[in-house]
Amino acid sequence: MEAGRIESAIVPGVTDNQQSTKTRTQNNMAEETKFEESFLDFSNIPSSMDELLQSSESTNAFTKGKIVEGKIVAKRPDGALVDIGYKAEGFVPASEFLKFDEANIGDKIDVYLEEIENRNNMPEISLEKAYSIKAWNRITTEYGEGHVVKGFMRHRVKGGIMVDVEGFPAFLPGSQLDVGPVHNMDDYIGKEFDVKIIKINLDRRNIVVSRRELLEETLKDQRSKLLGEMKVDELRKGVVKNITDFGAFIDLGGVDGLLHITDISWGRISHPSEVLKVGEEIEVVIIGIDKEKERVSLGLKQKTRNPWDDVVSKYPKGSKINGKVVNIMPYGAFVEIETGVEGLIHVSEMSWTKRVSKASDVLSIGEEVEAVVLDIDRDSRKISLGLRQKERNPWEVLAEKYPVGRRITGKVRNMTSYGAFVEIENDIDGMIHVSEMSWTRTINNPNEVLKPGQEVEAIILDINPEQQRISLGLKQAETDPWANINDLYKVGDVVKGKVTKIAAFGAFVELTNKIDGLIHISQLSRDRVEKVKDVLNVGDEVEARVIKVDTDERRIGLSIKAVGENFSPEDLKAAEEEYTAALKPGEAMVDMGEVFSSEAMAGLKLD
């Protein structure tokens, strides 16, 4: 220490709380504490009048709030002692140095004088504030907004990084750090970059800087130059920068180009990551350039020949191919024939005999299949394939095996409102329409005659292999009783039968040979009948006389009141005339289903 300089007895860095703790003792030690404090004060009194005058003049030479020059006289791990020409050195923490490791004893530095003397009898100085004040003055007077300066990345704060700009703490928002997304801002701490001053707030004394603007300006020049050099169809090397669901962005050395997923491979890929990796270097073809929007379209598959160019000659119609199922949709399965060439097997082309509702019921992804080429549309890049065409159409075989008129035996597999389906063989069904079920009755629903699982005999009426339809007849397996009806029933015959149905206008009676006759309400009794059910019930056995046979309409009229031993031909004719006159429009010799329909139309009420 220089002559006349008093070195403080209190170590720099000790806090006021720690110092005051030594003075907070118990009450019985109060006097001893006062003595120690008096001793310390006494020890600091100058030993002579000359020293006292010199100390007073030295103190008056310094002004609080000014920047003074100092010299590093000692360096410790936590900071440095700096001589500013005062009676005691000041202490600067290591954190205030921009690069403390490079600070050496003897270096001259400017510091800000915050207090001439603190409680430790040392000048309170700040290197950081001196830097900040000088930098602020220089930035606001010499630089201004838009100026490019060096920035040292100090530490992270909320939303960005604090940057040392020639000694002044400026704020660098995270969005202004780089042109792309920054995943870890800590990677930038401790590094120095060029930054641009984008905002100065004089009132709040803060500065906002940007590194991104400088990078974008540089990249813009590079993009313009690069876009001017590029040509369509030329090959360029690039690095995979980013991968999305729809493609990949390739860095071409300053310009990003889009490699769409459809231009990556001639074959089917679900995601670009199946072919590309971030950071991978690849060679691509430039397939489009938009200089105004600065967009470049790239292709990878264009480096190889389009496999569809010769697909017609390689896979002619009717030829068989082998491939792998690569995708399944409800309506069909896509089969890869070779890389970049796929064909579709539609559900309608999967089976000759079974109705396939979903392709997944027949095929699965990854399955190797053999199929037949049905059609090729090279322009639309579509190939139709067939699975069932590997075998001969069984409907054609069936037409040869079962000619029209052939009698078959089969089991009822399914029924609809209009007919029943009977299995002939190998999952091939023929249909019996309700109109072909009975010679004598009008069938409205097949369940009046047949039941699922019932075995029946039928006649093949027609086979259409193209439409895959077989028409069967149930009634054709039996003789038509109306063909010799005059031999079976004559007017005047007395017959017996069972009441099967009752309508408002009469009762239907089943005779032999499954022929129905109608007893009109007027023919039930010689007495007037108001309601049929007052006389007859379903299941009753009755005896009646045939009073009319209509072969054209296939109708038989019956009468109960005409049954008698002495019933003359005149009486019979009179009964027929009465029967005919009593029939109203809509009343016919039909089955109950038809009765319901006609009565509903006529507005009749059934009893």
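- In this structure, Lys75 is positioned above the aromatic face of Phe100, its NZ or CZ under 6.0 Å from the six-membered ring centre and within 45° of the axis.
- Using a 4.5 Å cut-off on side-chain heavy atoms (C-beta onward), Asn306 and Arg381 make contact.
- Listed by chain and number, the residues in a salt bridge (Lys or Arg N to Asp or Glu O under 4.0 Å) with Asp107 amount to none (sequence neighbours excluded).
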Leu127 and Val82: side chain to side chain contact (heavy atoms under 4.5 Å, CB included), yes or no, with the steps?
CA-CA 10 Å; Leu127 177 63; Val82 179; over 6 Å; no
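- Looking only at side-chain heavy atoms (C-beta outward), Ile125 and Ile84 come within less than 4.5 Å of each other.
- Remark: side-chain polar atoms of Glu96 are paired, donor with acceptor, to backbone N or O of Glu128 under 3.5 angstrom.
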Practice task
For the pair Lys382 and Glu342, evaluate salt bridge (charged side-chain N to carboxylate O under 4.0 Å, His left out) and give the outcome as yes or no after the intermediate values.
Solution key: CA-CA 8 Å; Lys382 293 180 180 179; Glu342 294 179 6; over 6 Å; no
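- At distances below 3.5 Å, not a single donor-acceptor pair connects side-chain atoms of Glu142 with backbone N or O atoms of Ile139.
- Minimum interatomic distance between Ile243 and Ser273 (heavy atoms only, all atoms of both residues): CG2-N, 4.1 Å.
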Margin query: For Asp186 and Arg156: C-alpha separation, side-chain torsions, deciding distance, then whether side chain to side chain contact (heavy atoms under 4.5 Å, CB included) applies.
Written below: CA-CA 7 Å; Asp186 290 335; Arg156 283 191 59 181; 2.7 Å; yes
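- Counting only heavy atoms from C-beta outward, the side chains of Phe171 and Val157 approach each other to under 4.5 Å.
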With a cut-off of 3.5 Å and sequence neighbours excluded, list every side-chain donor-acceptor pair involving residues 288-298.
from	atom 1	to	atom 2	distance (Å)
Asp290	OD1	Glu292	N	3.3
Asp290	OD1	Lys293	N	3.2
Glu294	OE1	Arg223	NE	3.1

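- The distance from atom CD1 of Ile109 to atom CD of Glu69, rounded to the nearest 0.5 Å, is 9.5 Å.
- For Pro316 against Val373, the heavy-atom pair with the smallest separation is O-CB, 3.6 Å.
- Glu370 is linked by a side-chain hydrogen bond (donor to acceptor under 3.5 Å, both in side chains) to nothing, counting only residues two or more places apart in sequence or in another chain.
- Salt-bridge formation is detected for the pair Arg211/Asp178: a Lys NZ or Arg NE/NH1/NH2 atom is positioned less than 4.0 Å from an Asp or Glu carboxylate oxygen.
- Partners of Gln468 according to the side-chain hydrogen bond (donor to acceptor under 3.5 Å, both in side chains) rule, which considers only residues two or more places apart in sequence or in another chain, do not exist here.
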Task: Worked check of salt bridge (charged side-chain N to carboxylate O under 4.0 Å, His left out) between Glu283 and Arg236 - done: CA-CA 6 Å; Glu283 187 178 55; Arg236 285 268 180 172; over 6 Å; no
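- For the pair Thr244 (side chain) and Gly247 (backbone), a donor-acceptor distance under 3.5 Å is present.
- Looking at Asp377, its side chain does come within 3.5 Å of a backbone N or O of Ser380 through a donor-acceptor pair.
- Side-chain atoms of Asn120 never come within 3.5 Å of backbone atoms of Met122 as a donor-acceptor pair (strictly under, hydrogens ignored).
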Going through the distances and angles, do Gln176 and Glu213 end up as a side chain to side chain donor-acceptor pair (under 3.5 Å)? CA-CA 7 Å; Gln176 298 296 317; Glu213 286 195 9; 5.7 Å; no
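- Looking at residues two or more places apart in sequence or on another chain, you find no ring pair (Phe, Tyr, Trp, His ring centres under 6.0 Å) involving Phe152.
- Classification of Glu336 and Arg268 as a salt-bridged pair fails, no side-chain N sitting under 4.0 Å from a carboxylate O.
- Sequence neighbours left out, the pairs with a member in residues 121-145 that pass ring pair (Phe, Tyr, Trp, His ring centres under 6.0 Å) are Trp136-Phe168, Tyr143-His147.
- For the salt bridge (Lys or Arg N to Asp or Glu O under 4.0 Å) test, residues two or more places apart in sequence or in another chain that qualify with Glu338 are Lys314.
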Would you be so kind as to tabulate the donor-acceptor pairs closer than 3.5 Å made by side chains of residues 224-233, with sequence neighbours excluded?
from	atom 1	to	atom 2	distance (Å)
Ser224	OG	Lys220	O	3.0

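- Inter-residue side-chain proximity for Tyr188 and Leu172 is flagged as unmet; no heavy-atom pair is nearer than 4.5 Å.
- Screening residues 306-355 for ring pair (Phe, Tyr, Trp, His ring centres under 6.0 Å) gives no qualifying pairs among residues at least two apart or on separate chains.
- Lys99 and Asp101 are not joined by a salt bridge, as no carboxylate oxygen comes within less than 4.0 angstrom of a charged side-chain nitrogen.
- Residues Ile261 and Asp263 form no side-chain contact, since every pair of their non-hydrogen atoms from C-beta on lies 4.5 Å or further apart.
- Put simply, the side chain of Lys191 gets close to the backbone of Asp187: a donor and an acceptor are under 3.5 Å apart.
- For Leu177 against Leu215, the heavy-atom pair with the smallest separation is O-CD1, 4.3 Å.
- Between the side chain of Asn137 and the backbone N or O of Ile133, at least one donor-acceptor pair lies under 3.5 Å.
- Residues Ser126 and Lys129 come closest through the heavy atom pair OG-N, 3.0 Å.
- The ring pair (Phe, Tyr, Trp, His ring centres under 6.0 Å) check on Phe246 picks up nothing, with sequence neighbours excluded.
- Looking at Glu166 and Arg138, a side-chain N of the basic residue comes within less than 4.0 Å of a carboxylate O on the acidic one, giving a salt bridge.
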Could you go through the side chain to side chain contact (heavy atoms under 4.5 Å, CB included) check for Lys134 and Ile67 one step at a time?
CA-CA 9 Å; Lys134 291 192 295 182; Ile67 295 176; 3.8 Å; yes
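- Side-chain contact check for Val362 versus Ser351: every heavy-atom pair is 4.5 Å or farther apart.
- Of the possible donor and acceptor atoms, one in the side chain of Glu280 sits under 3.5 Å from a partner among the backbone N and O of Lys277.
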Determine, stepwise, if the pair Lys196 / Glu217 fulfils side chain to side chain contact (heavy atoms under 4.5 Å, CB included).
CA-CA 11 Å; Lys196 184 178 181 179; Glu217 290 173 2; 3.1 Å; yes
Could you walk me through whether Asn322 and Glu368 pass side chain to side chain donor-acceptor pair (under 3.5 Å), step by step?
-> CA-CA 7 Å; Asn322 290 294; Glu368 296 287 340; over 6 Å; no
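- In this structure, Ile264 and Leu276 have side chains that are in contact, with non-hydrogen atoms separated by less than 4.5 Å.
- Residues satisfying the side-chain hydrogen bond (donor to acceptor under 3.5 Å, both in side chains) test with Asp245, not counting sequence neighbours, are His271.
- In this structure, Lys301 contributes its side chain and Thr262 its backbone to a donor-acceptor pair below 3.5 Å.
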Should Thr339 and Trp266 be marked as a side chain to side chain donor-acceptor pair (under 3.5 Å) after you check the CA-CA gap, both sets of side-chain angles, and the distance that decides it? CA-CA 7 Å; Thr339 302; Trp266 291 112; over 6 Å; no
Determine all donor-acceptor pairs shorter than 3.5 Å in which one atom belongs to a side chain in residues 198-205; sequence neighbours excluded.
from	atom 1	to	atom 2	distance (Å)
Asn201	OD1	Asp203	N	3.1
Asn201	OD1	Arg204	N	3.0

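- Counting only heavy atoms from C-beta outward, the side chains of Val311 and Arg378 approach each other to under 4.5 Å.
- Note on Arg154 versus Asp164: salt bridge recorded, some NZ/NE/NH1/NH2 to OD/OE distance being below 4.0 Å.
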